[in-house]
Amino acid sequence: MRVPSSSLARRLWLYSVISFTGLLGGCSFSDRQSVFDVAGPVSKTQYDVQNITLFVSLGIFLVVGSLLVYAAIRFRGPVDPPADAPLPPQTHGNPMLEAGLTLAALLLVVIMAIPTVRGIFRTYAAPQSEDAVVVNVTGYQWWWAFEYPDSKVVTANELRIPLGRPVILNLKAADVIHSFWVPKLAGKTDLIPNQHNQMWLEATEPGTYYGQCAEYCGTSHANMRFRVVTMYDQEFNAWLAQQKMAAATPTDPLARDGMDVFMKGPRVGQACATCHTIQGTPAMGLVGPNLTHFASRGTLGSGLLENNDQNVAQWLTALDATKPGNKMLLAHLSLSPEEVRALAAYLRTLR
Amino acid sequence: MALELVEARPIPEDRKRFDFLLRLLRRPTHLSGLLGWVTTVDHKRIGVLYGVTALFFFFLGGMEALLIRTQLAFPNQNVVSADTFNQLFTMHGTTMVFLVVMPMSAAFFNVLVPLMIGARDVAFPRMNAFSYWMFLFGGLLLNASWLFSQAPDQGWFAYAPLTAKTFNPGQGVDFWILSLLILGISSTVAALNFIVTIINLRAPGMTMMRLPVFVWMTIVTSFLIILAFPVITVALIELAFDRFVGTNFFNISRGGLPILWQHLFWVFGHPEVYILILPAMGIVSEILPTFSRKPLFGYPVVVFSGAAIGFMGFTVWSHHMFTTGLGPIANSAFSLTTMAIAIPTGVKIFNWLGTLWGGQIRYKVPMMFGLGFILLFMIGGFSGIMHAAPPGDAQQQDTYFVVAHFHYVLIGGALFSLFGGLYYWFPKITGRMMSEKLGTMAFLTLFVGFNTTFFPMHWLGLNGMPRRIYTYGEGMGWDGWNLVCTVGAFIMLLAFVIIFYDLVTALMHGPRAGKDPWDGRTLEWAIPSPPPEYNFAIAPTVFSRDPVWAQKHPEFLAHDDVVDEEESPPSEADLPQPEEGEGAGYALRGGLDPHGIHMPAGSWHPVLSALGFLVAASGLIFSQAQPEGHHTGLVLAVLGLLFGVVNIYMWALEGVGGYHIHPDPEVE
Amino acid sequence: MTSIEAYAPLHGAPAHDDEIGCTGLPHKKLMMWAFLGSDCMFFGSLIATYVIYHGRSNVPPYPSEVFNIPLTSFSSFVLLMSSLFMVLTLAAIQKDDLGRFRLWCASTAFGGLVFLGCQVYEFSTFYLKDHLTLTGNLFGSTFYVLTGTHGTHVAIGVLWLVSLLAYSWKGGFSSANALDVEVAGLYWHFVDIVWVVIFTVVYLLEYILPAHVGG
C-alpha cells in the first residue's frame with residue numbers, strides 16, 4: 001500500500017514543482033502594468049527610490065530573519081521541562097546593545113530618507129521646457145476625458161503624447177475621486193473634485209502603455225481603463241491637426257441611417273446627441289465622451305474592448321453586462337437590431 | 001461554590017418615595033443561565049462574550065473574503081456582480097477592523113487586565129457591559145444591511161463624495177455611518193474604563209513599571225482609542241448631517257472639500273492601525289518570555305517603544321494620502337515621520353529576539369503563533385517602510401502590494417498573535433486545555449495558507465493590479481498568481497476549521513488545566529482556572545515584575561541582572577518588601593475579609609440602554625428609506641433615544657448594589 | 001464551602017469603598033478627565049472643520065453679515081460667570097451647606113439656560129432675518145453644527161445640574177456626594193473653556209480675518 005501512495009505523493013510533488021516554476025517563469029518584468037518596466041524619467045525615479053527602500057528592507061529582513069530562525073533552532077529546549085530543570089540565564093536586557101541597535105535603525109532610516117526626499121521633489125515639478133505639452137484630464141464615472149487646451153482637441157480614454165517631451169497633466173474630477181495611473185510612465189495622482197492637481201510624465205520609449213483608475217470610484221471602477229500612446233513629434237502634430245477637424249458626414253446609406261439614429265434617437269428626447277459631442281454635427285452633449293474621432297481610437301468603453309465592428313455592436317446590445325453601472329441610457333432606448341447595425345456603422349466611420 | 005439566588009439591594013425606607021422608578025425593573029439576580037449572561041457585569045464573562053461574538057463576525061468576514069477570492073481566481077469572472085463585489089470588500093474591511101480584531105483584543109483586555117493587575121473587576125463593571133452590548137448591536141446593525149440588500153459599497157474608508165446621496169442613494173452608507181457611531185461609543189466607553197482600571201486598580205506593589213507588557217499595551221491602546229475615535233465621530237456626524245439633513249460639508253457644488261474627509265478619516269485611521277496591532281504586540285510580549293523561560297528582554301524599552309509608537313501614530317496620517325497632491329513639503333514631512341516610526345517598531349523586534357536569545361524555547365502552540373507573528377509582522381513592517389517613501393508609494397498605493405502589506409500586519413501580525421493568545425489563555429478562561437496536536441496542525445496550515453494567499457499579492461501589486469477591482473482582463477500577467485491566492489485562502493479556511501473544531505472539543509472534553517499549565521509569570525496564573533468570580537480571595541501584594549515566576553523560582557530574583565537602576569528607583573523604600581516566610585514574587589496578606597468579598601450586582605440597564613440606541617439608529621436609517629411625509633422612522637428614532645437615556649438615568653440611580661461572597665479559605 | 005449573601009451597604013466598612021484607587025484619585029474623577037481629553041479631540045475636529053472651510057462658502061449670507069457680537073459677548077459672559085457659580089456650588093457641598101449648594105447650583109444652571117436662550121434667539125434671528133440655514137451654504141452648515149454641538153453640551157450640563165439639584169432633596173445628600181458635584185463641575189468648566197475657544201475662533205477672528213465675500 002505504501003508504494004502507490006508514495007508515488008502519488010511524488011507525482012503531486014512533481015506537479016506542484018512544475019506548476020510553481022511555471023508560475024515563476026510567468027513572472028515577466030515587462031507585463032502591461034509592471035512598475036519594473038520603466039519607460040520614462042518619472043517612473044524611473046520612482047523605481048529607483050523603491051529599489052533603495054526594497055534593498056535596505058530586504059537586507060535588514062535577511063539579517064534579522066536569519067537571527068530569528070537561528071535563535072528559534074539554537075535555543076530550543078524540552079517542550080515540557082521537569083519542574084526542577086535549571087533555568088537559562090535570566091537576562092533582563094542590555095542597555096548598550098539596545099541603544100546601539102536603535103542607533104543602527106536610525107542610520108538605516110536616514111539612508112532611505114535622503115533619496116526619498118530627493119525623489120519627491122524630482123517627480124513633483126515638471127521640468128521647465130517649451131516643449132511641454134499640456135493636457136487637461138477629467139475623470140468621470142467611469143471614463144476619461146483628455147483635452148489639449150492649446151489645440152482645443154478633446155478625446156477620450158486614449159491619451160496620445162509626443163515621445164521624449166514632458167507632458168503636464170491638469171487633473172480634475174467631474175463627480176467622485178479618481179486616480180490617474182500609467183505604471184510604466186508615472187505613479188498615480190488623484191483627481192479630486194474642488195481641487196486642482198497636477199502631475200507630469202514623459203515617455204522615452206515608444207509604445208502603447210496601459211493605465212487604469214487607481215482610486216475606488218464606484219460600480220465599474222475596475223472598468224475605468226485607458227491607454228497612453230506615444231507618437232513621434234511630426235506624427236503627433238499631424239494627429240492633433242486631424243483630431244481638430246470636424247467629423248465627416250458619411251456617404252454609406254447604412255451609416256447615414258446610423259447618424260440619424262444618433263442625432264434624433266429612436267424616440268424624441270432620447271438621442272445619443274443629448275450626451276455626446278460629434279464636432280461638425282448638431283451633437284453637442286457634454287455628459288459622455290466626445291465621439292468626434294471615435295473610430296480612430298484603439299479601444300472602446302474606456303479601454304475595455306478592442307475597437308472593431310463586432311465589439312461596437314456588442315457594446316450597443318449588451319452594454320450593462322459589458323460595463324455594469326454605466327450611465328448610458330441605452331437600456332431605455334431598446335434599439336432594434338437594424339438601428340444597432342446602422343449606429344455601429346456610423347460610429348465606425350468617425351475616423 | 002454554592003449558588004443561591006441573591007436578593008436585590010434593599011432600598012432604604014427614606015428613599016422609597018423617590019425610587020419608584022427603580023421598581024420598574026427589579027435588580028437582576030441571575031448568576032447563571034441566559035439572563036445571567038445578559039445582565040452580567042463580570043469582566044471575565046464580558047470578555048468571553050466579546051470573544052465569541054468576534055469569532056462569529058470573523059466567520060462572516062471570512063466568508064466575504066472567500067467570495068472575493070473566488071471572484072478574482074480567474075480573469076473576467078461573474079461569480080458575483082460588480083455591485084455585490086464592492087459590497088463584499090467594504091463589509092469585509094469594516095467587519096475585520098471593527099468587529100473582529102478590535103473586539104478580539106477587547107476580549108483579552110476584559111478577561112486579563114483585572115487578573116494581571118490583581119484586581120477584582122474593572123473600575124466600572126456596568127459600563128463594561130454597556131460597551132459589549134453596544135459592540136454587539138453595532139455589529140448586528142451593520143450586518144443587517146445584507147438582509148435588506150443594502151450593504152454599504154463605498155469602501156471601509158468611505159471617501160467623499162462617493163458617499164453623497166447623489167452617488168450613493170441607497171441606505172448602505174447610512175447603515176455604515178450609524179453602526180460605526182455605535183461601535184465608536186462602545187470602544188470609547190471601554191477605553192475610558194480600562195484607563196481608570198489600570199491606573200487605579202493595581203494591587204499593592206504593582207507599580208506602573210511592573211505592569212505586564214500586555215497591560216501596558218492595553219492602556220496605550222485605550223488612550224489611542226479615546227483620542228482617535230472622536231475624530232472619526234465628527235467625520236461621521238458631518239457625513240450623517242449631509243445625508244440626513246442636506247448640509248454641505250462634502251457637497252462639491254457648495255465648496256465642500258473631499259480632502260477634508262480624508263484628513264479626518266486618517267487622523268483616526270492611522271492610530272486605528274496601532275489600536276489593532278499594539279494589543280497583539282502585548283500578547284506576544286507575554287507569550288515569548290513564558291516559553292523561553294526567561295524574562296522579557298529590555299522591558300522598559302519595550303514599554304517605552306510601545307508608548308512611542310502610540311504617540312507617533314498621530315503624526316503620520318497623511319502617508320495614506322501621498323497621491324492626493326499635498327505637495328512635496330507635506331509629503332516629505334509625513335514620509336520622515338513614517339520612517340521614524342519604524343525605529344521603535346524595530347526596537348520591539350530586537351527585544352523579542354533578545355528574549356529568545358539564550359533561552360530554552362518550548363515549542364507549545366502559543367509559542368509557534370508567537371514566533372510566526374514576529375516573522376510575518378516583520379515582512380509587513382518592511383513593506384510598510386517601502387511605501388513610507390512617496391515616490392515608491394506613488395506606484396504601490398491602492399494596489400495589491402498594499403493589500404499584501406496590511407494583511408501581513410493584520411493577519412500575520414494581529415491575528416496570529418490573537419490566536420496565540422487564545423491558545424495561551426484558553427486554559428485560564430475555561431479550565432481546559434486545547435489540543436497541542438490540532439493546534440500545531442492549525443498553525444502550520446495557517447502559516448502555509450496565509451503566505452500562499454498574501455505573498456503573491458506583493459508581486460501582483462508591483463505588476464500593476466489595483467485594489468478594489470471586481471474583475472480584470474486577460475493578458476495582464478495577473479492570471480496565475482490570483483489563482484494561487486485563492487487556493488491559499490481556502491487553505492486558511494481549513495486552518496480555521498481545525499481551530500474551531502479544537503475549540504469546541506476542548507471546551508467539551510479537553511483535559512483539565514491546573515492553575516498554571518504553562519509555567520506562567522504573571523498574576524493570572526496564581527489563581528484557579530477558570531478564575532472564581534471574585535478573582536483573588538485575598539488581594540495579592542506584589543514584589544516583582546513577574547510575580548508568579550519569582551514565586552516559583554526564587555533564584556530568579558537572586559540573579560545579578562535584576563538589580564539594575566530601573567528596578568530600584570528612589571521610591572523603592574515605599575514599595576512593599578517580602579517578609580519572613582513570604583515568597584519572592586507576591587504574598588497574600590491579611591487573611592480573608594470577614595465581611596466577605598463585595599461583588600457588584602448584575603444590571604438590566606447596560607443592555608437596555610444599548611438596545612435603545614440600536615432602535616434609535618435603526619429608526620434613523622428607516623426614516624431615510626421612507627417616502628416623503630412618513631415619519632415612523634423618526635418617531636422610532638426619538639423613542640429609542642429616549643429609552644436609552646432613561647435607562648442611563650436609572651443606571652445612575654440604581655447604585656452599585658451587589659452581594660457578598662465568602663470564599664472557602666481552603667480553596668485558596 | 002463558598003457562600004453568598006445579599007449586599008447590605010449598612011455596615012459601612014470603608015474597605016468596601018472601592019471608589020478611590022491606588023493613585024488616590026477617585027475613579028469617577030479620573031474617568032471624567034480622560035473623557036474631557038477625548039472631548040478635546042471631538043471639539044478640535046469640529047473647530048478644524050470650521051477653520052478649514054472659513055472663507056470657502058460660495059453663496060451668501062457671509063459671517064460678517066450675520067454676527068451680533070454684543071449679544072454673543074453677553075451670553076459668553078454669563079456662561080463664564082456660571083463657572084464661578086459652579087466653584088461656589090462645589091465649595092458649599094464640601095462644607096455640607098445644603099442651602100447654599102442649592103442656591104449656587106440653581107444659579108449655575110440658570111446661567112446655562114440664559115446662554116442657551118441667547119443661542120436660540122441668535123439661531124432664530126440668523127434663520128428668519130438673515131436666511132442663514134443649515135443647508136443653504138457651507139458657512140451655515142459648519143456654524144450651526146459647531147455651535148449647536150456646543151449648545152447640546154451645555155444643555156446636557158444643565159440637565160445634569162438640575163438632576164443633582166433634584167437629587168439634593170432626596171435624603172442623605174451631603175458632602176459625601178461632593179465627588180458627584182465635582183465631576184459635574186469639571187464637565188461644566190470644560191464646556192465653558194471650549195466656548196472661549198469657539199467664541200474667539202468663530203466670532204472674534206471674523207474681524208481680523210474676514211471671510212471673503214464670494215469665497
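Letters go in sequence order (proteins before strands), and every chain restarts at 1.
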Determine the minimum heavy-atom distance between [X] and [Y], stating which atoms define it.
| X | Y | answer |
| --- | --- | --- |
| A:Pro193 | B:Pro258 | O-CD, 3.3 Å |
| B:Glu474 | A:Arg32 | O-NH1, 3.3 Å |
| A:Pro88 | B:Gly358 | CB-O, 3.3 Å |
| B:Pro295 | A:Gln90 | CD-OE1, 3.3 Å |
| B:Pro161 | A:Asp175 | CG-O, 3.4 Å |
| B:Gly256 | A:Asn194 | O-ND2, 2.8 Å |

Checklist entry - So A:Thr116 and B:Leu336, side chain to side chain contact (heavy atoms under 4.5 Å, CB included) or not? Walk me through it. => result CA-CA 9 Å; A:Thr116 296; B:Leu336 295 181; over 6 Å; no
Which bit of [X] comes within less than 4.5 Å of chain A, counting heavy atoms only: side chain, backbone, both or neither?
| X | answer |
| --- | --- |
| B:Phe89 | side chain |
| B:Gln154 | backbone |
| B:Ala160 | backbone |
| B:Phe167 | side chain |
| B:Tyr363 | both |
| B:Asn351 | side chain |
| B:Ser332 | both |
| B:Phe157 | side chain |
| B:Trp478 | side chain |
| B:Leu326 | backbone |

Residue [X] versus chain B: region with a heavy atom under 4.5 Å:
| X | answer |
| --- | --- |
| A:Met112 | both |
| A:Ile60 | both |
| A:Val49 | side chain |
| A:Ile177 | both |
| A:Asp48 | neither |
| A:Ala125 | neither |
| A:Tyr47 | neither |
| A:Gln141 | side chain |
| A:Arg74 | neither |
| A:Ile114 | neither |

Item to check | side chain to side chain contact (heavy atoms under 4.5 Å, CB included) between A:Trp181 and B:Gln397, worked out | outcome: CA-CA 10 Å; A:Trp181 186 35; B:Gln397 161 81 349; over 6 Å; no
Would you mind telling me which of [options] has the largest number of heavy-atom pairs within less than 4.5 Å of chain A?
| options | result |
| --- | --- |
| B:Ile343, B:Thr471, B:Leu356 | B:Ile343 |
| B:His387, B:Arg467, B:Gln396 | B:Gln396 |
| B:Ile374, B:Ile361, B:Thr399, B:Asp83 | B:Ile361 |
| B:Thr355, B:Ile349, B:Ile379, B:Thr166 | B:Ile379 |
| B:Asn76, B:Leu375, B:Asp393, B:Leu162 | B:Leu162 |
| B:Arg293, B:Lys364, B:Met321, B:Arg468 | B:Arg293 |

Checklist entry - Between A:Gln50 and B:Leu462, does a side chain to side chain contact (heavy atoms under 4.5 Å, CB included) hold up when you go through it step by step? => result CA-CA 11 Å; A:Gln50 175 174 287; B:Leu462 295 181; 3.8 Å; yes
Next on the checklist: Could you walk me through whether A:Phe61 and B:Met378 satisfy the side chain to side chain contact (heavy atoms under 4.5 Å, CB included) test, starting with their C-alpha distance in whole Å, then the side-chain angles of each, then the deciding distance to 0.1 Å, before giving a yes or no?
Outcome noted: CA-CA 7 Å; A:Phe61 175 69; B:Met378 259 165 61; 3.6 Å; yes
Output the distance between atom [atom1] ([X]) and atom [atom2] ([Y]), rounded to the nearest 0.5 Å.
| X | Y | atom1 | atom2 | result |
| --- | --- | --- | --- | --- |
| A:Asp84 | B:His553 | CG | NE2 | 10.5 Å |
| B:Trp357 | A:Leu68 | CH2 | CG | 10.0 Å |
| A:Asp80 | B:Trp518 | CG | CH2 | 9.0 Å |

Under 3.5 Å, side chain of [X] to main-chain N/O of [Y], donor-acceptor pair present?
| X | Y | result |
| --- | --- | --- |
| B:Gln395 | A:Ser34 | no |
| A:Tyr124 | B:Gly327 | yes |
| A:Gln212 | B:Gly464 | no |

Item to check | Pair B:Asp398, A:Tyr216: side-chain N/O donor-acceptor within cut-off below 3.5 Å | outcome: no
Checklist entry - So B:Thr324 and A:Asp190, side chain to side chain donor-acceptor pair (under 3.5 Å) or not? Walk me through it. => result CA-CA 5 Å; B:Thr324 58; A:Asp190 298 349; 5.2 Å; no
Checklist entry - Should we count CZ of B:Phe304 as having more than 12 external heavy atoms under 6.0 Å? => result no
